[in-house]
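One structure is given here, and the rest of the page talks about it.
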Amino acid sequence: MEQCLIRFAQSSDYESVEAIMKEVHALHIGWRPDIYKPADSIYFGEYFEKRVQEKRILVADCGGKVVGHLNFQYRHIESDKQVTRNVIFIDDLAVKEEYRGLGIGTQLLNAVKAKVQDENLDGLELQVNARNTDARKMYEKFGFTEKSINLELL
């Protein structure tokens, strides 16, 4: 396992994170060209900067090179039909292609899991593309379990 420094993203990390997201977006296009299309930008600069200021993006810095990131949000779930919960929801977790399988995704997950525990939150949630079997295996190995299944009719 390659040990990286997990830290909050800085404005100067934008190009590295954007490049990683473009790699992931290309995978999504390959899996589902009926849904995803090429895009010039995945994270627009203003969005990225806002997330940096909110401290909502973690990066994996390996020897001064950003090779992965995790973008998250806080969710407050409350209704008359559900138990009130406060969770962290992972919007994106991505690792640069040549660094996948080295444990970097797990390091990012450990960092956000620590936030859940430190802040006494009720859980950690995410969605994964059904065709992204490698990511799903990593999440399941980490301890995630299936909560719901999205279905579609084309």
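Given the structure is predicted, the values throughout are model-derived calculations rather than measurements. Nothing fancy with the numbering, it's 1 onward along the sequence. Quick note: numbers below take in every heavy atom, side chains included, and nothing from hydrogens, waters or symmetry partners.
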*Over all heavy atoms of both residues, which pair between E152 and L154 is shortest? Give the atoms and the distance, please.*
OE1-CD2, 3.7 Å
*With distance as the sole test, does R56 use its side chain to make a donor-acceptor pair with the main-chain N or O of E54 at under 3.5 Å?*
yes
_In one Ile/Leu/Val/Met/Phe/Trp/Tyr side-chain cluster, 4.5 Å: V66, L5_ = no
*Considering the options E49, K55, K50, R51, which one meets the side-chain hydrogen bond (donor to acceptor under 3.5 Å, both in side chains) requirement together with Q53?*
E49
*Are any side-chain N or O atoms of N86 and backbone N or O atoms of D122, one a donor and one an acceptor, separated by less than 3.5 Å?*
no
*Within one Ile-Leu-Val-Met-Phe-Trp-Tyr cluster: V17 and I6, side-chain cutoff 4.5 Å*: no
_I need the Y139 OH to D134 CG distance, nearest 0.5 Å._
11.0 Å
*Distance from L121 atom CG to K115 atom NZ, nearest 0.5 Å?*
8.5 Å
_If I compare all heavy atoms of Y36 with all of I29, which pair ends up nearest, and what's the gap?_
CB-CG1, 3.8 Å
*Keeping the roles fixed (side chain from E97, backbone from E23), state whether a donor-acceptor pair exists under 3.5 Å.*
no
_Hydrophobic clusters here meaning ILVMFWY residues chained together by side-chain heavy-atom distances under 4.5 Å, can you tell me if V52 and L58 are in one?_
no
_Between K22 and A39 (side chain of the first, backbone of the second, donor and acceptor by atom type, cut-off under 3.5 Å), is there such a pair?_
no
*Could you list all the ring pair (Phe, Tyr, Trp, His ring centres under 6.0 Å) pairs where at least one residue sits in residues 45-66, not counting sequence neighbours?*
Y14-F48, Y43-Y47
*Shortest non-hydrogen contact from E18 to I42?*
OE2-N, 2.7 Å
*Working to the nearest 0.5 Å, report the span between CD of Q127 and OG of S148.*
7.0 Å
*Hey, mind stepping through L109 and L93 against side chain to side chain contact (heavy atoms under 4.5 Å, CB included) and telling me if it holds?*
CA-CA 9 Å; L109 287 170; L93 189 162; 3.6 Å; yes
_Path from L126 to I57 over hydrophobic side-chain contacts below 4.5 Å_ = no
*asked:* Please report the interatomic distance CZ(R131) to CZ(R136), rounded to the nearest 0.5 Å.
replied: 14.0 Å
*asked:* Tell me if a side-chain donor or acceptor on Q82 pairs with a main-chain N or O of I77 at a distance below 3.5 Å.
replied: no
*asked:* Quick check: is W31 connected to M138 through a chain of hydrophobic side chains (ILVMFWY, heavy atoms under 4.5 Å apart)?
replied: no
*Around E15, counting heavy atoms of other residues, nucleotides and ligands shown, do more than 12 lie under 6.0 Å from its CD?*
no
*Where is the tightest heavy-atom contact between L108 and H69, given as atom of each residue plus distance?*
CD1-N, 3.7 Å
*Do K65's NZ or CZ and the ring of Y99 fall within the cation-pi criteria of under 6.0 Å and 45°?*
no
*Specify the closest pair of heavy atoms between V67 and C62, including all atoms of both residues, with the distance to one decimal.*
CG2-SG, 3.4 Å
_D13 and Q10: CA distance, side-chain angles, deciding distance, side chain to side chain contact (heavy atoms under 4.5 Å, CB included) verdict_ = CA-CA 5 Å; D13 297 323; Q10 302 166 358; 3.7 Å; yes
*Side chains of Q107 and Q3 in contact at under 4.5 Å (non-hydrogen atoms)*: yes
*Of the non-hydrogen atoms in V24 and A94, which two are nearest, and what is the gap between them?*
CG2-CB, 3.5 Å
*For the residue pair F72 and Y74, does the interplanar ring angle fall in the parallel (under 30°), tilted (30 to 60°) or perpendicular (over 60°) class?*
perpendicular
*Measuring from H76:NE2 to T84:OG1, what's the distance to the nearest 0.5 Å?*
5.5 Å
_Distance check, rounded to the nearest 0.5 Å: I104 atom CD1 versus L70 atom CG?_
13.0 Å
*Please confirm whether the backbone N or O of V87 pairs with a side-chain atom of R75, one donor and one acceptor, at under 3.5 Å?*
no
